[in-house]
Amino acid sequence: MIYQRSSQLFAEAEKVIPGGVNSPVRAFKSVGGTPIFIKEAKGPYLYDEDGNRYIDYINSWGPMILGHAYEPVVNAIVERAKKGTSFGAPTALETEIAALAVSMVPNIDKIRFVNSGTEACMSAVRLARGFTNREKIIKFAGCYHGHSDSFLIQAGSGAVTFGSPNSPGVTQGTAKDTLLATYNDLQNVNDLFTANPNEIAAIIIEPVAGNMGCIPPAEGFLEALRELCDVNGTLLIFDEVMTGFRLAKGGAQELYNVKADIVAFGKVIGGGLPVGAFAARNEIMNYLAPVGPVYQAGTLSGNPLAMAAGLEMLKALNNDAAIFERLEEKTAYLENGIRKILEAKNIGYTINRMGSMISVHFDANPVTDFKSAAKGDNETFKKFFHGLLNEGVYIAPSAYETWFITDALMYDDLDFTLNAIDKVASAL
Ligand SMILES: *Cc1c(COP(=O)(O)O)cnc(C)c1O
């Protein structure tokens, strides 16, 4: 493939945008090379500025669950745009999407819309702190909850000590309120509660982790966290920015039948426009301004274009009884195909999958937490990534990312992908 125009565009972008990108992973840093610049997309396909076509397994990191330029969403945006793009005053549309979301997701009475998953998680934590009148939170290493200060924390010196900032600009003061735990390690979470009695406002977790590859929760793990939270007067926050409206209508709460106290959304809920949201039962949501004391606001929150896109997306998912089954079947087909190929070629691997989230790790040992995810062979991944790109298959440019399967993929596309993987794997 020729990437001449993409390379030129990247060079120009680097002059006026830090690293040439508006979000770091897009820069291809961990796989090398220069990013491809996208010109347009339709269904399961991306087209770059050099005219190359790719089957897309990123799908904007999840939102395009029904494919790119999905017509009902595009039409809704266009029609709304003609009537004005922002008012900073309430619209009927906001109530309509809120009511639909509340009807689809278990255990929530009210929902507040924001502009990104970051904002949703940040606000969920503030609400949990306000509601419990406590300051500390537990997060899991390798889980991503957006780039707000409280979440940019790495392990401190010991497993039961405070976290420390993992980005300059995050203060020690902030870091000391985030306790870091190991995913799927219940004893570790228990120890944190013991060391910080009556101090923990919330546990925030990706109920199926998707930001260190895909890592499903161990059997009983989410249930045990629920119980620990109940015993300790701590709120359980499910960050369903990735899993919400993807694993099931009601997300991971529905799939695992575990109740969260606060749920954060993003990605699919915006139909491809910048939207996040957080939701909870009345008792908690009524703690928010203007009815309650916890402040949260947004000039463009509930933006009519974004709400129109999100509403069409949620309607499409809600009205299609077989959507999540189809996604499951397509992703299982892909998984089985990749397993056969890698086994035939004797390549050490682990594939993790939950519904339409799947990740391929180049390590034969189970991947259950951040440490085991980090053991994957990055040199092999780099070759795999660039090989696939060259064959017209676009997966995430990092070994720590999940592939997101879209319903726009047909079995011909999956077979095309498996052929490409077979070819690339032969050269690994
Ligand atoms: C993407 C993501 C976020 C952050 O959402 P943004 O819209 O990028 O701010 C938060 N949590 C999870 C689980 C995510 O996957």
Side-chain angles (χ1 to χ4, degrees), residues 21-27 57-65 105 112-128 137-153 166-167 178 181 183 202-217 222 225 236-247 251-253 255-256 260 262-279 296 298 300-303 306-307 309-310 313 352 354-359 369-370 373 396-398 400-405:
V21 293
N22 280 311
S23 195
V25 71
R26 298 177 196 168
Y57 286 95
I58 306 180
N59 286 295
S60 187
W61 306 91
M64 319 316 294
I65 193 169
V105 177
R112 168 73 52 90
F113 284 90
V114 293
N115 306 290
S116 69
T118 294
E119 245 189 288
C121 293
M122 177 186 89
S123 308
V125 164
R126 182 183 304 139
L127 179 57
I137 59 166
I138 293 177
K139 91 168 273 282
F140 295 88
C143 280
Y144 181 68
H145 307 295
H147 66 91
S148 122
D149 286 7
S150 297
F151 305 128
L152 297 183
I153 305 298
N166 75 352
S167 164
T178 300
Y183 202 82
I203 295 179
I204 184 165
I205 186 168
E206 290 180 66
V208 173
N211 286 289
M212 42 183 166
C214 174
I215 301 186
L222 298 176
L225 294 181
L236 182 59
I237 303 173
F238 272 9
D239 176 355
E240 298 226 41
V241 170
M242 216 175 241
T243 54
F245 306 100
R246 170 167 288 279
L247 295 183
Q253 282 196 101
L255 195 63
Y256 290 96
I262 307 179
V263 188
F265 297 105
K267 300 193 168 115
V268 174
I269 200 173
L273 265 65
V275 179
F278 58 106
Q296 188 279 324
L300 289 168
S301 292
N303 171 269
M307 295 298 98
M313 177 62 82
N352 283 351
M354 184 52 63
S356 57
M357 295 166 63
I358 180 171
S359 57
D369 57 18
F370 186 63
S398 158
Y400 289 107
E401 302 290 353
T402 299
W403 310 15
F404 298 101
I405 274 46

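Just so it is clear, the structure is predicted and the values come from calculations on it, not from any experiment. One-based numbering, in listed order, for ligands and for the atoms of each.
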Under the side-chain contact (heavy atoms from CB on, under 4.5 Å) test, residues paired with A279 that sit two or more places apart: I108, I111, F265
Identify, with sequence neighbours excluded, every residue that meets side-chain hydrogen bond (donor to acceptor under 3.5 Å, both in side chains) alongside T243. E240
F140-F370 aromatic ring centre distance below 6.0 Å: no
Contacts of Q296 meeting side-chain hydrogen bond (donor to acceptor under 3.5 Å, both in side chains) (sequence neighbours excluded), chain-then-number -> R112
If I compare all heavy atoms of L152 with all of H147, which pair ends up nearest, and what's the gap? CD1-O, 3.6 Å
Hey, is the main chain of C214 close enough, under 3.5 Å, to the side chain of N352 for a donor-acceptor pair? yes
Check each protein residue for a heavy atom under 4.0 Å from ligand 1 and list those that pass, ordered by chain and number. S116, G117, T118, Y144, H145, G146, E206, N211, D239, V241, M242, K267
